[in-house]
**Student:** 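The structure is given below, and queries will be raised subsequently.
In what follows, chains are A, B, ... by sequence order, proteins preceding strands, each numbered from 1.
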Protein chains: 2
Amino acid sequence: MTRDDRQKYMDAPKIRNMEEFAALSGLSRPTISKYFHDPGSVRASTRTKIEEALERYDYRPNIYAMNQNRRLTKNIGIMVPNLADPFFAEIARKIEGLVIAAGYRPMLVSSHDGPAHEIDNLDQLRSLKPAGVLLAPVGRASVKEAVAAFIEDMPTVLFDSNIDGLGDAFVGHDNRQATEIMVEYLVRTGEPPVFFEMRNPPNPNAFKRQNAYAAAMEALGLTPHFIRIEGEGWNFEEIGYTEGLRVIAERRLPSDTILCSNDRLAIGLLAAAYEKGWRVGRGAGYALRIAGHDDHPFARFTSPSLTTTSQNYADIARHAVKTLVALVESGARASARETTLFDGKLVMRASA
Amino acid sequence: MTRDDRQKYMDAPKIRNMEEFAALSGLSRPTISKYFHDPGSVRASTRTKIEEALERYDYRPNIYAMNQNRRLTKNIGIMVPNLADPFFAEIARKIEGLVIAAGYRPMLVSSHDGPAHEIDNLDQLRSLKPAGVLLAPVGRASVKEAVAAFIEDMPTVLFDSNIDGLGDAFVGHDNRQATEIMVEYLVRTGEPPVFFEMRNPPNPNAFKRQNAYAAAMEALGLTPHFIRIEGEGWNFEEIGYTEGLRVIAERRLPSDTILCSNDRLAIGLLAAAYEKGWRVGRGAGYALRIAGHDDHPFARFTSPSLTTTSQNYADIARHAVKTLVALVESGARASARETTLFDGKLVMRASA
DNA sequence: ACCTGTATTTTACGCGCGTAAAAAATTTCG
DNA sequence: CGAAATTTTTTACGCGCGTAAAATACAGGT
């Protein structure tokens, strides 16, 4: 706490509202209002006066009163499927920072992997009257009609997971390209991979990866093989582990190389392989190669560390926010829906 | 989407405000206001009328107008050190659910492990005028004076990490007890453990665990040993991994049993041990035993799975919310600061 | 000093709801 | 059935700020 801060807390009279603050700074209330709406919209000398007063008196406008009678709030809603997944936690954090940098207030909600929560969140967000929303739908179970109704009301950019023609834009990861480079790498360096995936994956990206795997294999003149595991819900590590144990016990492996649909399944499968004493890695002396997809924050610390393809979530976040902010500030809705995909990269580690 | 919902979206006229809704439901506006403030405060027949109208017309009060001129909002602030840590994500989610169940609106913020963010968040929360706040401070670097000033203004329950006499109550994990049962277990089943910890841990719980380890060892007539590793910041897995590699390479191990200050360090250390080919587990044929602390969501899926002590975060969350809600609803501040600790449990897995 | 264009002030109104007090209606109970 | 207790309505005001329009002050250029 600096001396100035202390002074602010000690000496300064409590400012009750913008009227008082305007009087103390020698300006009119509407001017102050304008300043808070956009500091660049007032004369430089005026801005200086306001900012000096701000340092002396520590006034902040009441956010409820601000938004109460505003045409458009400065809020931007962010909705992710599940904040307890470090992957989404990371990308949400990145987006939050970009939203703040753009001069907006992020309002983050998590759907906890549940379509019911997702609808609640949509209502929740609607009541916050955001200027726009960044939406990562929960998945194929996502209630499309509710999302569609929501999207009519305000600018919305989808990310991570696409839903048909919904939203003003979609920004995401190129599952096809990323799967392709992994398949090529695996084929080039060892046995062709089998694809390890849930029979009923809750996430729509899973289908894209599945198809991309099949296409990449066929392009190389190889026959795709799938291990379709059981299990419902989002507890991927657990599903990968349980079904991994079963698959290993039953020796249902057409290849020594397993490409998992995502890192979380791979993390579970690695645990199963370790427990069964199967050595995972590339080269002589190893029984299995395992690869993932996403470059999950924990993929560096599995044993062995996980070879995977990374999502370029820095660019995904940047482009999603940029697109939404442009939309919001133009005051219009997108004329044509634009889809932007960013390439993934091969992240070579020890597991494959 | 049910037939009723569709009807709501299609047929119903858009309700602009509470006045209109009151007219349509045949009641006066203040009665509606009272209902939303507390549905139980109106006669049963009146409540029925309102709820029927609510189903027909899909009206929701404007939250900005609601809070604008209210003595006390129905908001409860929740602040955690870092939502990207699955441990905090889990407990935050649990708390959110309890807060909603208690009839309040949770407002969740994360400090991203930074004291600067923490102060921002305090300001942020203050401007939301919550009825009370659940606060998990970032750690010893936490700006105590800012927190103290904040706490004067509204009921605050600290959790996870204690700060001296601050807040109306503290609810947390019994680090001493949990460390003790782990030390006893390790001593009973093998070599006495050394304690693996950062030289300058950012988290204050680290010191409690350190002291508890020393006390537990001495109580058993043993000499405590510490491996104090380098590294700054919150990237515990990375620090545990990097320093784990060094410790193993330099053979600075006074025992084959390592008790890590927390699971995240242990996860890093496990990765290092694996990479160096040291087999981790209990019994013959294993070079090392490694144990953690916290029962991190990923501890089940490490290789080998991690033996640890769990925090009873279900009860911690429940008691923290209960305490705060009682405080808020009494309208008073706590007369005496109450500290409540919940016991941890030994979680035996494969690593020790 | 004059003109022009932008910044600011003045004036005025309204947003949607909370809240308080008093009047009216309803329920409860003797 | 009437009085008391409770609920609801009426009435009235205010919260803190957004916003619009018109009046005024100010900057830069000639």
**Student:** Using heavy-atom distances to pick each residue's nearest nucleotide on DNA chain D, tell me which of A:Asn17 and A:Arg43 is more 5'.
**Tutor:**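 This one resolves to A:Asn17.
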**Student:** Under 30°, 30 to 60°, or over 60°: which ring-plane class applies to A:Phe21 and A:Tyr57, parallel, tilted or perpendicular?
**Tutor:**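 If you compare the ring of A:Phe21 with that of A:Tyr57, the planes turn out perpendicular.
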**Student:** Just the rounded figure in Å: distance from P of C:dA7 to CZ of A:Arg29.
**Tutor:**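 So the two atoms are 20 Å apart, to the nearest Å.
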**Student:** So, using side chain to side chain donor-acceptor pair (under 3.5 Å) as the criterion, who are the partners of A:Glu52 when residues are at least two apart?
**Tutor:**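 For A:Glu52, no residue satisfies side chain to side chain donor-acceptor pair (under 3.5 Å) once neighbours in sequence are set aside.
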**Student:** Checking all strands, does B:Pro61 fall into the base, sugar-phosphate, or nothing category for heavy-atom contacts under 4.0 angstrom?
**Tutor:** sugar-phosphate
**Student:** Just to confirm, is there a sub-4.0 Å distance from OP1 or OP2 of C:dT10 to any side-chain nitrogen or oxygen of A:Ser28?
**Tutor:**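 Checking A:Ser28 against C:dT10: no side-chain N or O falls below 4.0 Å of OP1 or OP2.
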**Student:** Spell out, as yes or no, whether a donor-acceptor pair under 3.5 Å connects the side chain of A:Thr323 to the backbone of A:His319.
**Tutor:** yes
**Student:** Pick the closest DNA chain C nucleotide for B:Met66 and for B:Ser45 by heavy atoms, then say which residue is nearer the 5' end.
**Tutor:**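 First, find each residue's nearest nucleotide; the 5'-ward one identifies B:Met66.
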**Student:** May I have the step-by-step check of side-chain hydrogen bond (donor to acceptor under 3.5 Å, both in side chains) for A:Thr31 and A:Ser28, ending in yes or no?
**Tutor:** CA-CA 5 Å; A:Thr31 304; A:Ser28 74; 2.9 Å; yes
**Student:** Chain B on DNA chain D: first and last contacting nucleotide, 5' to 3', under 4.0 Å to a heavy atom?
**Tutor:**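 Going 5' to 3' along DNA chain D, contacts run D:dT7 to D:dG16.
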**Student:** Is there a side-chain contact between A:Thr340 and A:Phe170 (heavy atoms, below 4.5 Å)?
**Tutor:** no
**Student:** Base, sugar-phosphate, or nothing: which does B:Tyr59 touch, judged by heavy atoms less than 4.0 Å apart?
**Tutor:** sugar-phosphate
**Student:** May I ask you to check whether B:Asn121 and B:Ser111 show a side-chain donor-acceptor distance below 3.5 Å?
**Tutor:** yes
